[in-house]
Amino acid sequence: MRVTEGGVEVEVPEQADAGVGDAVFFNPVQELNRDVTVAVLRALRERGDLGPLDDRTPSYLDATAASGVRGVRAAADGWAATLCDVDPDAVALCRENLARNDLDGDVQHRDANTLMHEERFDVVDLDPFGTPVPFADAAFRGARRLVCVTATDTAPLCGAHFESGVRHYSAVPRNTEYHAEMGLRVLLSAMVRTAARYDLAANPVLSHATNHYARTYLLLESGAQAADALIDELGYVDHCEHCLYREATPGLVADPLASCPQCGHGIQTAGPIWLGPTCEASFVAATREAVDDGMGAAEEARDLCATLAAELDEPTHYDQHRLCKRWGVGASAMDDFLDRLRDAGYEASRTHYGGTTFKTDADVTAIRDATQQ
């Protein structure tokens, strides 16, 4: 079937169940992801984050291209796009989709890891089926300025599939009520540690957890000192499932609490996870400005960026409905609930992944005291 997206038309296989079967994979739900990607690429150029190009066209690698829709959209937006896949059917589709839109692009029928070790690109985009970890080392070796990463294995990332999460991400994930935040920060921890092996600082300038995936854009800075500074942003979160107390502690050496300091029950510890900011507000604002009305998910992309720009950097969140159910009280309008927290002297913001979830610097006892008077 033919799909029009972001001003290009691509041929994609019909798939009743995404990811099931032998057909080249295409997921229409990821249109928001791809729209934001194009906006990020525009922001990167307009802000001058690519550095001096010496009159050359900036290069973009769609490392696991499948139908090639990402690479085709990058080429249509003025990038020197390379589309790579090991599947010969995917390679044929990539060539067909570039030609259909009268676009130039390099299509490579080979293993993406080999290509990324042999050539360098201004931007490397990893959007594999499942975990991006098998491609991460090569991506940081092959990228000059930006690495874009999608992870669709959210169950391992958030701790629902614990052993798989430990194996893939070299961290202990915990399946908490803030599972979307947990998954995103486990992913960022793995990417930051991978980049640091090559004396690269991978700074997250825009990150989000949406539907079934986590997505992050990592701006690269060379140097051991810069990489060390980001390693200092890693740490652990202690979490009490009984009273919802949580405490974040920076550092690579785990020193978990023996028991909850508020209720005395057992504690779960997750880490090392990323404790630092998951976005750079100015970059998110530039990305929002780069969204255009021709994008199918333009309104959703702008709303996402607006929420991300206002979101606190706290590494965990709360859900008002869950808290109120636990307390045996009725929920209130989110704006009123957050205003009561702010009136009590605390910071509070909505999150980008849930209508009733919020972040605050208040602990769970202070939240109740401030909002249930």
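Nothing fancy with the numbering, it's 1 onward along the sequence.
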#### Entry: Where Cys279 and Leu206 come nearest, the two heavy atoms and their spacing
SG-CA, 3.8 Å

## Note on the structure
So OG1 of Thr154 and CG of Asn211: to nearest 0.5 Å the spacing works out to 10.0 Å

### Task
May I ask you to say whether Asp106 pairs ionically with Arg95, meaning some side-chain N is under 4.0 Å from a carboxylate O?
no

#### Entry: Asp319 versus Thr357, side-chain donor and acceptor atoms under 3.5 Å
no

### Query
Please walk me through it: do Asp292 and Arg42 pass side chain to side chain contact (heavy atoms under 4.5 Å, CB included)?
CA-CA 11 Å; Asp292 70 72; Arg42 292 173 181 172; 2.6 Å; yes

### Task
Can you establish whether the number of heavy atoms outside Glu9 located under 6.0 Å from its atom CD is more than 12?
yes

### Query
If only atom types and distance count, is the side chain of Ser349 paired as donor or acceptor with the main-chain N or O of Leu312 below 3.5 Å?
yes

### Message
With clusters defined by side-chain heavy atoms of hydrophobic residues (ILVMFWY) lying less than 4.5 Å apart, directly or transitively, does Phe283 cluster with Leu308?
### Response
yes

#### Entry: Donor-acceptor contact present, side-chain Lys359 to main-chain Glu314, <3.5 Å
yes

#### Entry: Arg246 with Asp238: basic N within carboxylate O range, under 4.0 Å
no

### Main-chain N/O of Ser67 paired to Asn97 side chain as donor or acceptor, under 3.5 Å
yes

### Task
Check step by step if side chain to side chain contact (heavy atoms under 4.5 Å, CB included) holds for Phe26 and Leu93.
CA-CA 11 Å; Phe26 172 79; Leu93 203 53; over 6 Å; no

### Query
Can Leu304 and Val36 be said to form a side chain to side chain contact (heavy atoms under 4.5 Å, CB included), step by step?
CA-CA 9 Å; Leu304 172 63; Val36 172; 4.3 Å; yes

#### Entry: Glu118 with Arg110: basic N within carboxylate O range, under 4.0 Å
yes

### Task
Determine, stepwise, if the pair Thr82 / Phe121 fulfils side chain to side chain contact (heavy atoms under 4.5 Å, CB included).
CA-CA 9 Å; Thr82 298; Phe121 305 86; 3.5 Å; yes

### Query
If you take all heavy atoms of Val8 and Ala76, which pair is closest and at what distance?
CG1-CB, 3.6 Å

### Task
Output yes when a side-chain donor or acceptor of His109 lies under 3.5 Å from a complementary backbone atom of Val86, and no otherwise.
yes

### Query
When rounded to the nearest 0.5 angstrom, what is the spacing between CE in Met191 and OG in Ser207?
11.5 Å

### Message
How long is the straight-line distance from NE2 of His242 back to CD1 of Ile267, given to the nearest 0.5 Å?
### Response
11.5 Å

### Task
State whether the number of non-hydrogen atoms from other residues, nucleotides or ligands found under 6.0 Å of His161 atom NE2 is greater than 12.
no

### Task
Taking only Lys NZ, Arg NE, NH1 and NH2, and the carboxylate oxygens of Asp or Glu, determine whether Asp303 and Arg288 approach each other closer than 4.0 Å.
no

### Message
Counting C-beta onward and ignoring hydrogens, is there a side-chain heavy-atom pair between Leu157 and Pro173 closer than 4.5 Å?
### Response
no

### Query
Does the pair Arg100/Glu96 count as a salt bridge with the N-to-O cut at 4.0 Å?
yes

### Message
For the residue pair Glu181 / Tyr353, report whether a side-chain donor-acceptor contact shorter than 3.5 Å exists.
### Response
yes

#### Entry: Separation between CG of Leu188 and CG of Leu218, rounded to the nearest 0.5 Å
6.5 Å

### Query
Which distance, rounded to the nearest 0.5 Å, do you find between the CG of Leu126 and the SG of Cys148?
8.0 Å

### Message
Is it the case that the side chains of Asp153 and Tyr169 hold a donor-acceptor pair, with the cut-off being a distance below 3.5 Å and no angle test?
### Response
yes

### Query
Can we say Glu119 and Arg141 salt-bridge, meaning some charged N sits less than 4.0 Å from an Asp/Glu carboxylate O?
no

### Query
Do Thr216 side-chain atoms and Val149 backbone N/O form a donor-acceptor pair below 3.5 Å?
no

### Message
Pairing donors with acceptors under 3.5 angstrom, does anything connect the side chains of Asp125 and Tyr60?
### Response
yes

### Query
Regarding Arg185 and Ser189, is there a side-chain donor-to-acceptor distance under 3.5 Å anywhere?
no

### Query
Between the main-chain N or O of Ala297 and the side-chain N or O of Asp35, is there a donor-acceptor pair closer than 3.5 Å?
yes

### Query
Below 4.0 angstrom, N of the basic side chain to O of the carboxylate: do Arg56 and Asp54 qualify?
no

### Query
Taking all atoms of both residues into account, what is the closest heavy-atom pair of Thr269 and Pro256, and its distance?
OG1-CB, 3.2 Å

### Task
Please test Arg174 against Glu241 for salt bridge (Lys or Arg N to Asp or Glu O under 4.0 Å), starting from the C-alpha separation and ending with a verdict.
CA-CA 11 Å; Arg174 293 296 185 186; Glu241 290 187 318; over 6 Å; no

### Task
Could you tell me whether the side chain of Trp274 and the main chain of Gly276 form a donor-acceptor pair under 3.5 Å?
yes

## Note on the structure
Here the gap from Phe135 atom CZ to Asp111 atom CG, rounded to the nearest 0.5 Å, amounts to 6.5 Å

#### Entry: Aromatic Trp79 / basic Arg45 pairing, under 6.0 angstrom, 45° off normal
yes

### Query
Does one hydrophobic cluster hold both Val253 and Leu234, with members joined at side-chain heavy-atom distances below 4.5 Å?
no

#### Entry: ring-ring contact (aromatic ring centres under 6.0 Å, His included): pairs with one or both residues in residues 176-218, sequence neighbours excluded
Tyr178-His239, His208-Tyr213

### Query
Looking only at atom types and distance, does a side-chain atom of Asp62 sit under 3.5 Å from a main-chain N or O of Ala81, one as donor and one as acceptor?
no

### Task
Might you work through the salt bridge (Lys or Arg N to Asp or Glu O under 4.0 Å) test for Arg34 and Asp127, ending with a clear yes or no?
CA-CA 10 Å; Arg34 295 186 286 266; Asp127 184 30; 5.5 Å; no

#### Entry: Heavy-atom pair with the smallest gap, counting every atom of Gln372 and Cys324
NE2-SG, 4.4 Å

### Message
If hydrophobic clusters are built from ILVMFWY residues whose side chains come within less than 4.5 Å, do Val147 and Leu219 share one?
### Response
no

### Query
Is Leu220 linked to Val40 within one hydrophobic cluster, defined over Ile, Leu, Val, Met, Phe, Trp and Tyr using a side-chain heavy-atom separation of less than 4.5 Å?
no

### Message
Taking Leu41 as the starting point, is it possible to reach Val69 by hopping between hydrophobic residues whose side chains are less than 4.5 Å apart?
### Response
no

Using atom types as modelled, flag every donor-acceptor pair under 3.5 Å from a side chain in residues 331-345 to any protein atom, sequence neighbours excluded.
residue	atom	partner	partner atom	Å
Ser332	OG	Gln320	OE1	3.4
Ser332	OG	Arg340	NH2	2.9
Asp335	OD1	Arg350	NH2	3.1
Asp339	OD1	Arg342	NH1	3.1
Arg340	NE	Thr371	O	3.2
Arg342	NE	Ala348	O	3.2
Arg342	NH2	Ala348	O	2.9

### Query
When you check the side-chain N and O atoms of Thr37 and Arg215, is any donor under 3.5 Å from an acceptor?
yes

#### Entry: Side chain proximity check, Ile273 to Leu275, heavy atoms < 4.5 angstrom
yes

### Query
So, do Thr152 and Gln30 sit near enough that their side-chain heavy atoms are less than 4.5 Å apart?
yes

#### Entry: Closest approach of Leu187 to Ala214 (non-hydrogen atoms, all atoms of both residues)
CD2-CB, 4.0 Å

### Message
Tell me whether Arg144 is salt-bridged to Asp122, with the criterion being a basic N under 4.0 Å from an acidic carboxylate O.
### Response
yes

### Query
Can any side-chain N or O of Asn101 pair as donor or acceptor with the backbone N or O of Leu103 at less than 3.5 Å?
no

### Query
Can any side-chain N or O of Ser259 pair as donor or acceptor with the backbone N or O of His265 at less than 3.5 Å?
no

